[in-house]
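These notes concern the structure reproduced below.
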Amino acid sequence: MTTLTKNKIKDSFLEIIAKATSENFSEIKQQAVEFLQKEGLPAAKAEEYKFTPLSKKLESLTNLTSATQINLSAEAVKSELIPDLEVDYLVFNNGNFDKELSSYTEKNYSVKSFKSLSEEETTKIGSIAKVSKDPFTALNTAFFQDGIYIHIAKGKVVERPILILNFNQANNGQVISPRIYVQGESNAEATFIEKVISLNDEAYFLNGVTEVKVGENAHLNYYKIQNESTTAIEANNFVSDVHRDATFTSVTLSLKGDMIRNNLSLNLLDSGCEGNMYGLYLLDGKTHVDNHTNVDHTMPHADSNELYKGILAEKSRGVFNGKIFVRQDAQKTNAFQQNNNILLSDDAIINTKPQLEIWADDVKCSHGCTTGQLDEEALFYLQARGIGKDQAKGLLLYAFAGEIMDHIKIDAFKEYCITLVQERLGKL
Amino acid sequence: MLSIKNLHASIEGTPILKGINLEIKAGEVHAIMGPNGSGKSTLASVLAGREEYEVTEGEVLFNGQDLLDLSPEDRAREGVFLAFQYPVEIPGVSTTNFLRTAVNQVREYRGQEALDAVKFLSLMKEKMKLVEIDQKLMSRALNEGFSGGEKKRNEIFQMAMLEPSLSILDETDSGLDIDALRIVSNGVNQLKSPDNATIVVTHYQRLLDYIVPDYVHVLYKGKIVKSGSKELALELEEKGYDWIKEDVDSASV
């Protein structure tokens, strides 16, 4: 039962509710609170969370309140930039936008703090990531304070990638609630890179929501690296509305954490749009990573491609749940989904589940999953040619994982990720 | 060069090799023949260091060094090469990248400088001619989607690149048509020198028309039951293995 969680949330809500009424977002915050009071957080047996007992995890935290700003140095921020890549960077300090530490040109786009949104802009927050869709989205909505609103005007191409640096340092499991809204107008193009950084080993609950509008014929990429402390608990809720002829691509690299749940939903709202979801998780220790993806094909002639790969060592656990929904109008849909895993130990676990719901009759949909061990025969073959065992293992694991890196279109960032992945593989 | 004494090996508790004795000197070609299940491939695997096999007795000295004590990679670096009966397909690793890693690790072990990209490519081009292997295969994933003949040629090509002193060809001829067999044998023959030795494990005498052995050994029930010159292979071709089996089986009763 989740009563404990419910009660705790209720208590901290009293404070939040009082605050919410005085803010711009009082309406959606009120909705969120009501939703949570009614539904609570997912119970242990809730289908969507049965392999990832986030609620139970949160019950063990002693301080379920909102985290406050911390002292962050400009050097600490700079040390997280990507070598050989010029970026604009936006800093989140324990879930709140830190304008002072950010550095951005706003060339061909604009950034606004939630404190300075117009009335119209305000109404957009929560219009894509709806409170009623997921309890953690509701929780973020109740908790968030200062997020960022990024606007890319019609036909504008943002040349520098926009790097979002998410710095986290909480005490005893405080809640950190970053919120991002991206409005990509028609023919806009931009690439986002998000890094989640733990500043120490204290547990926190990072519960972020990102909502992205990809306007007509716009092209947006969103790359994310989760390389956190082994006590970090994260729910990452990402929803994108993809409009006519637009393309949205996400690549998620999950390396470390305690329990990470990624909810990624793409709404393909019109013809000609394309949604791509790629992910790589390389886990050890007791790290638990759950990728829950959902792609909704609503109109004819839209494509979705999905590939998630995982390597799991020690007592780590991976969950993959890929839902593809093809509505009756969505004829000529192409939807492909694949999840492949390598388990390096007898104690590692993967739960993988494709979920296809198809209401149209002229579509191409495929899904598949594989789970295996490191190929001992291949390992011996490489060794028999003089390649040391560790290096041979690294070659084979990278051969498996590297495919995901090919979907990163910015060379310097791709190199950065390859280095991270190879370092990680060397330790698995 | 290689001295095998009373070698016993088993897999999952089942003894396969039951006392092999074999001496191989530099410059020699030894053929190991025998019916299916006699232990030919096991011998090749044990020499290369495959972990599933447990050596229960005996010793193998390679240039005076205890071979069984070395890891598979160190055996390769010391100069032992196994051409696999079933070369493994490795998706995601290009043949070029794999070979460069292998060649440079072997060179490093031998105290030689690593080859840069240019030198490596010119070495590769030179050796590719030996087995008439197509350049296109080099940029593809290792053995992935290669035909049977291409895989075997790739084995001999790797052998040419690594310049081993002892090559063990494990049924390299199996499944090859006569043209492929000729190309593969031709490659092996060109690599032969007074300083290196070759063990040819085969089921068919046909290969020995192309790679002419100095000695032929017949393996049966985990032991070498007969040794002779290349004429022994011809005799086996003509009469089959039954007469040898009978000899051995009646002697052991």
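The analysis underlying the following values was restricted to heavy atoms, covering all of them including side chains, and did not include hydrogens, waters or symmetry mates. In what follows, every chain begins at residue 1, and chains take the letters A, B, ... in the order their sequences are listed.
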Rounded to the nearest 0.5 Å, how far apart are [atom1] of [X] and [atom2] of [Y]?
X        : Y        : atom1 : atom2 : value
A/Leu382 : B/Ile90  : CG    : CD1   : 4.0 Å
A/Arg385 : B/Gln105 : CZ    : CD    : 14.0 Å
A/Leu379 : B/Glu73  : CG    : CD    : 8.5 Å
A/Tyr381 : B/Leu142 : OH    : CG    : 5.0 Å

Counting heavy-atom pairs under 4.5 angstrom with chain A, the leader among B/Ala48, B/Ser71, B/Ser94, B/Pro72 is B/Pro72
If you count the non-hydrogen atoms of other residues, nucleotides and ligands that lie under 6.0 Å from [atom1] in [X], is the total more than 12?
X        : atom1 : result
B/Phe120 : CZ    : yes
A/Asp406 : CG    : yes
A/Lys332 : NZ    : no
A/Gln373 : CD    : no
B/Glu108 : CD    : no
A/Lys409 : NZ    : yes
B/Glu51  : CD    : no
B/Asn189 : CG    : yes

Taking every heavy atom of B/Val93 against every heavy atom of A/Ala399, the minimum-distance pair comes out as CG2-CB, 3.5 Å
Under 4.5 Å heavy-atom distance to chain A, tell me which part of B/Asn143 shows up: side chain, backbone, both or neither. side chain
Residue B/Pro164 versus chain A: region with a heavy atom under 4.5 Å: neither
Candidate pair B/Arg50 and A/Gln383, rule side chain to side chain contact (heavy atoms under 4.5 Å, CB included), full reasoning: CA-CA 10 Å; B/Arg50 200 185 279 274; A/Gln383 284 180 273; over 6 Å; no
Aromatic ring centroids of B/Phe84 and A/Phe380 under 6.0 Å? yes
Counting only heavy atoms closer than 4.5 Å, note whether A/Glu376 contacts chain B via side chain, backbone, both or neither. neither
